Number of protein chains: 2
Amino acid sequence: MSLELTPVEAAACCSPLARQPLSESEAEGIAPLLKALADPVRLRLMSIVASHEGGEACVCDLNDAFELSQPTISHHLKILHEAGLLDREKRGVWVYYRARAEALQNLAALIGGQAQ
Amino acid sequence: MSLELTPVEAAACCSPLARQPLSESEAEGIAPLLKALADPVRLRLMSIVASHEGGEACVCDLNDAFELSQPTISHHLKILHEAGLLDREKRGVWVYYRARAEALQNLAALIGGQAQ
DNA sequence: TGTAAATATTTACATGTGTCTATGTCTTGC
DNA sequence: GCAAGACATAGACACATGTAAATATTTACA
């Protein structure tokens, strides 16, 4: 296990934005998580996976939802996975991605949490 | 008033990520808002402004909080303002930025909202 | 073993982004 | 009116990012 925090772990550690100024290192930890979400394709990927029955979806389904090449979808899924927003599980030939609900909720709390 | 929605307005219009898949146009509306936040300097700017007394801060204060040039801070503030996350008001020689709390809360609801 | 299918990796490239320097625009007070 | 200060804009540059084509890897199954 690495000493580096994943972006998701970094986001879980801070009080809400509006409560007190983020430190430089806190901000540098959280920004990559927002960056991972800040793309229309990745937003839709997250949304498709998170709203899919069972909270998971196969890459084959995801490829079909976009008019983009398979490597491009694979690239975006990797970014979401490395940010800690998607879990990855291989079952046979297929790979299933699962949304990490608590990761999204931590991020939401950081952004929208009340000042006190 | 323009027919274009600001990113903040686009975010207010959608059910949570995990409830149903975002449409392409919804995702394209929301991504710029996340992009605006997805930078360490802008995250700290938002946080400093939002947590400042009165919910607003003068650019002069913000410049002092970073070891960056004044135009760079001005550039980041413009991005946050155009995304709809900061309101801008000029009073005399000084410019004050104010955090739009409901914008942050709408975004948080979109990201972290429960599936049902 | 070997072939096909599902997914990932590599490489390349056009475009976007963060930063600075230089300059412009307002506002205030002399 | 003019000089000084606060902030914004313009231009330039290094670097990051989204995409696709080509290729590799892994798994199942005949």
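Just so we're on the same page: letters track the sequence lines, and every chain starts at 1. This one's a predicted model, so the numbers in the text were calculated from it and none came from an experiment.
Among the atoms of the strands shown, base atoms are found under 4.0 Å from some heavy atom of B:His75. Residue B:Tyr97 is in sugar-phosphate contact alone, with no base atom involved, counting any heavy-atom pair closer than 4.0 Å across all strands shown.
Checking side-chain atoms of A:His81 against main-chain N and O of A:Leu86 turns up a donor-acceptor pair under 3.5 Å. In this structure, B:Glu82 contributes its side chain and B:Ile79 its backbone to no donor-acceptor pair below 3.5 Å. Side-chain atoms of A:Arg98 come within 3.5 Å of backbone N or O of A:Gly54 as a donor-acceptor pair.
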Scoring nucleotides 21-30 of chain C by protein non-hydrogen atoms under 4.0 Å (B base, S sugar-phosphate only, - none) yields BB---SSS--
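A 4.0 Å heavy-atom criterion places the boundary nucleotides of DNA chain D facing chain A at D:dT17 to D:dA28, written 5' to 3'.
Because its NZ or CZ atom is both nearer than 6.0 Å to the ring centre of A:Tyr96 and within 45° of the ring axis, A:Arg91 counts as a cation-pi partner of that residue.
Within the structure, side-chain hydrogen bond (donor to acceptor under 3.5 Å, both in side chains) pairs that include any residue of residues 27-48 of chain B comprise B:Arg42-B:His76 (at least two apart or interchain).
B:Leu37 places its CG atom 16 Å from the C1' atom of C:dT17, with the value rounded to the nearest Å.
Here the closest heavy-atom approach between residue A:Leu37 and residue A:Leu43 is recorded as O-CG, 3.2 Å.
Residues A:Val95 and A:Phe66 fall within the same hydrophobic cluster, defined by Ile, Leu, Val, Met, Phe, Trp and Tyr side chains chained together at heavy-atom separations under 4.5 Å.
Applying the 4.0 Å criterion to OP1 and OP2 of C:dG16, one finds that B:Lys35 has every side-chain N and O outside that range.
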Report the C-alpha distance between A:Ser74 and A:Lys78 in whole Å, list the side-chain angles of each, state the deciding distance to 0.1 Å, and finish with yes or no for side chain to side chain contact (heavy atoms under 4.5 Å, CB included).
-> CA-CA 6 Å; A:Ser74 185; A:Lys78 184 181 185 180; 5.8 Å; no
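Here C:dG18 sits opposite D:dC13 as a Watson-Crick or G-U wobble pair (both hydrogen-bonding atom distances under 3.5 Å).
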